[in-house]
Amino acid sequence: MAIEKVDVFVTSPGRNFVVLKITTTDGVTGLGDATLNGRELAAAQYLKTIAPMLIGKNEDNIEDIWQYLYKGAYWKRGPVTMAAISAVDVALWDIKGKKLGVPVYDLLGGASRTGLLTYGHASGVDLPSLFDSIDSYLDKGFKAVRVQSALPGIPSTYGVAGSANAQTGKGEKGMRYDYEPARRTEVPVEEVWDARTYMNTLPGVFEAVRNKYGNGIALLHDCHHRLSPIQAARFGKMIEPYDLFWMEDCTPAEENQEMLRVVREHTTTPIAIGEIINSATDYLTLIKEQLLDYVRSAVTHTGGITHMKKLMDYASFYDIKSGFHGPTDVSPVGMAANLHLGLAIPNFGIQEYMRHSDETLDVFHTSYTFTDGMLHPGNKPGIGVEFDEKLAAKFPYQPAPLPVDRLLDGTVHEW
Ligand code: KDG
Ligand code: MG
């Protein structure tokens, strides 16, 4: 009963992933995800550095191993450290579930609901293409849809399929965007951003969508950190009539959490924040002052199930809910971890879901299901994902950094 082997894989079936496999002396294996989009090799190297420290440890003692890696590193927090700790943590929960013959959500207190409300990514370069995209999600059964739109005069915009640098996904022509593998270059692509054009465009887009689809579907939107606090405050107020489920990352809050106060004071549009926050401690002000409504962290970027469970329990006392990050750069292993935690916690809100490409799903065999707009992690022991190492070896890592944004005058801005 000890950890015998720790393997780290970097593979690129459709996009880059960092996979951790822990094997115990009695032959049980567990998987973790340490994918850090655009900085994958740093996370893989961190895992290789801590791998020898895990050998011989009792795999049952998840909390102790978590504390050992977190406090024992001396250098706490940070995306690379926390992605690596998350991978170890999820692999250990996977092992515990397999040893006990139960799905991980059972170990977390059992299911609190029958399924997880999920949202898909609709986008368009104009209203007709946006409506086509929304229709395709509604046809698949989604009850909640994220709406992103191109901006006049701006060649490519985050989250919009069909804009200049976006990638059309396999099997879903024109319906999705991905920043990988379209951008397999060592040096990032540069994009342009203009807040005035954005603020002048998006309210009209939401109005058109509500006029066409009515109030029955949940609409979400990602501002991707690009507005200043006062712009975000104004934007939230402008879009109130369209009843958004949330506006996401309206202004950067990972460095200065107090910036959200000004937004909160001016709008009742719900706020989701935190996909690049990597520690529960970075949420303390946000939660205590109720400056957010949804926690956006992914289990894989924020210390794993152990740390995220604590964070969500604390958030529950303030009626703050989950909205875990679930883009394709969270691997199927990480996605499964999100789902197990989401099914168990009382304060689940919604789960983001960008289906992985067929190439990715050939390497990762998942057992989570999507029915009528709801995801379920499945009932296999552990997290329920298998990894085909042989096939993964056929997809070597390729550099693919995220884009860099500049304002119209060339100033570097948040992407
Ligand atoms: O790696 C960056 C992406 O995960 C991010 O841009 C996606 O903002 C995102 C989202 O909401 O899914
Ligand atoms: Mg986002």
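Counting from 1, the numbers follow the sequence of the chain as shown. Every number for a ligand or one of its atoms is a count from 1 in the order of the listing.
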Honestly, for Met354 the part within reach of ligand 1 (heavy atoms, under 4.0 Å) is neither
* Asked: Is Asp329 close to ligand 1, meaning an N/O of one under 3.5 Å from an N/O of the other?
  -> yes
**Report entry** Flag if over 12 foreign heavy atoms under 6.0 Å of CZ, Arg264
**Finding:** yes
Would Tyr119 count as being in polar contact with ligand 1, using the rule that some N or O on each side must be under 3.5 angstrom apart? no
On a heavy-atom basis, the closest approach of Thr157 and Ala150 is OG1-CA, 4.1 Å
The atoms of ligand 1 lying under 4.0 Å from a heavy atom of Tyr158, numbered in the order shown, are 6 (O), 7 (C), 8 (O), 9 (C), 10 (C), 11 (O), 12 (O)
Note: ligand 1 atoms sitting under 4.0 Å from heavy atoms of Pro327 are 4 (O), 12 (O)
Leu402 heavy atoms within 4.0 Å reach ligand 1 at atoms 1 (O), 2 (C)
Sorted by chain and residue number, the ring pair (Phe, Tyr, Trp, His ring centres under 6.0 Å) partners of Tyr198 (sequence neighbours excluded) come out as Trp193, His221, Phe235
Ligand 1 atoms nearer than 4.0 angstrom to some heavy atom of Arg296 are 10 (C), 11 (O), 12 (O)
Both conditions, 6.0 Å and 45 degrees, for the charged tip of Lys21 above the ring of Phe387: are they met here? no
With a 6.0 Å cut-off on ring centres, are Phe395 and Phe9 close enough? no
>> Check Glu40 with Arg15, please: is the shortest side-chain N to carboxylate O separation under 4.0 Å?
In response: no
Original post:
Between Tyr242 and Phe206, how do the two ring planes meet: parallel, tilted or perpendicular, split at 30° and 60°?
Top reply: tilted
For Asn37, the atoms of ligand 1 under 4.0 Å from one of its heavy atoms are 1 (O), 2 (C)
| task | Ignoring hydrogens and angles, state whether a donor on the side chain of Ser297 or Tyr283 is under 3.5 Å from an acceptor on the partner side chain. | result | yes
- Message: Does the residue Arg146 have a heavy-atom contact with ligand 1, meaning some pair of atoms that are separated by less than 4.0 Å?
- Response: yes
Does Trp415 reach ligand 1 with a nitrogen or oxygen that is under 3.5 Å from one of the ligand's nitrogen or oxygen atoms? no
Numbered in order shown, the ligand 1 atoms found under 4.0 Å of a heavy atom of Asp222 are 8 (O), 9 (C), 10 (C), 11 (O)
Nearest non-hydrogen contact to atom 12 (O) of ligand 1 from the set Glu352, His224, His225, Glu248 belongs to Glu352
The answer for which part of Val330 has a heavy atom under 4.0 Å from ligand 1 is neither
Exercise. Under 3.5 Å, is there a donor-acceptor pair linking the side chains of Asp313 and Ser316?
Worked result: no
Rounded to the nearest 0.5 angstrom, the CG-OG distance for Leu202 and Ser149 is 6.0 Å
Notebook entry, point to check: Does a sphere of radius 6.0 Å around NZ in Lys5 hold more than 12 heavy atoms from other residues, nucleotides or ligands, not counting ones at 6.0 Å or beyond?
Noted result: no
Counting only protein N, O or S atoms and ignoring waters, those under 2.8 Å from the Mg ion (ligand 2) are Asp222 OD2, Glu248 OE2, Glu275 OE1
Residue pair His301 / Glu275, side-chain donor-acceptor N/O under 3.5 Å = no
